[in-house]
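Taking it in order: structure first as structure tokens, then the write-up.
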Amino acid sequence: MEKKVIGKGIRLNKGESALDAMKKRVPHWIHDTKKDEHYINGVVYLPGCTCSECGFHSSREKDVCPHCGKSMHSLKGIY
Ligand SMILES: [Zn+2]
């Protein structure tokens, strides 16, 4: 079985990308998506998003989650 190791201590499970692994470790907004076959990925990202920590739903991204107070990391640019 092949295992990739990136940097120190970050192990990737099978089928998990480096981004997936990082997403699990930092609080971030999970954007709502809508299926749309006209888009390359088949989904459209909507402005609404959910806190990865507490599940709070916000109508747009905020620097800090209003519910759990965690500083949110923007994962923009590495999508
Ligand atoms: Zn939260």
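Hydrogens, waters and symmetry mates play no part in the numbers below; they use all other heavy atoms, side chains included.
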- line: Output for pair (Cys49 SG, Arg60 CZ), nearest 0.5 Å, gives 9.0 Å
query: Could you give the distance from NE2 (His31) to OG (Ser58), rounded to the nearest 0.5 Å?
result: 9.0 Å
- prompt: Can you list the other members of the hydrophobic cluster that holds Leu46, where links are side-chain heavy atoms under 4.5 angstrom apart?
  reply: none
message: Run the side-chain contact (heavy atoms from CB on, under 4.5 Å) test on Glu53 and Met72 for me, step by step, so that the C-alpha distance in whole Å, both residues' side-chain angles and the decisive distance to 0.1 Å come before the verdict.
response: CA-CA 9 Å; Glu53 294 295 300; Met72 305 304 278; 5.5 Å; no
query: Which residue pairs pass the salt bridge (charged side-chain N to carboxylate O under 4.0 Å, His left out) test with at least one member in residues 29-49, sequence neighbours excluded?
result: none
message: How close do Pro66 and Phe56 get, counting heavy atoms only, and between which atoms?
response: CG-CE2, 3.6 Å
- prompt: Which heavy-atom pair separates Pro27 from Ser52 by the least distance, and what is that distance?
  reply: CA-OG, 3.4 Å
query: Would Lys62 and Trp29 satisfy side-chain contact (heavy atoms from CB on, under 4.5 Å), going step by step from the backbone distance to the final call?
result: CA-CA 9 Å; Lys62 295 185 165 77; Trp29 293 112; 4.1 Å; yes
message: List the residues meeting side chain to side chain donor-acceptor pair (under 3.5 Å) with His67, not counting sequence neighbours, and say none if there are none.
response: none
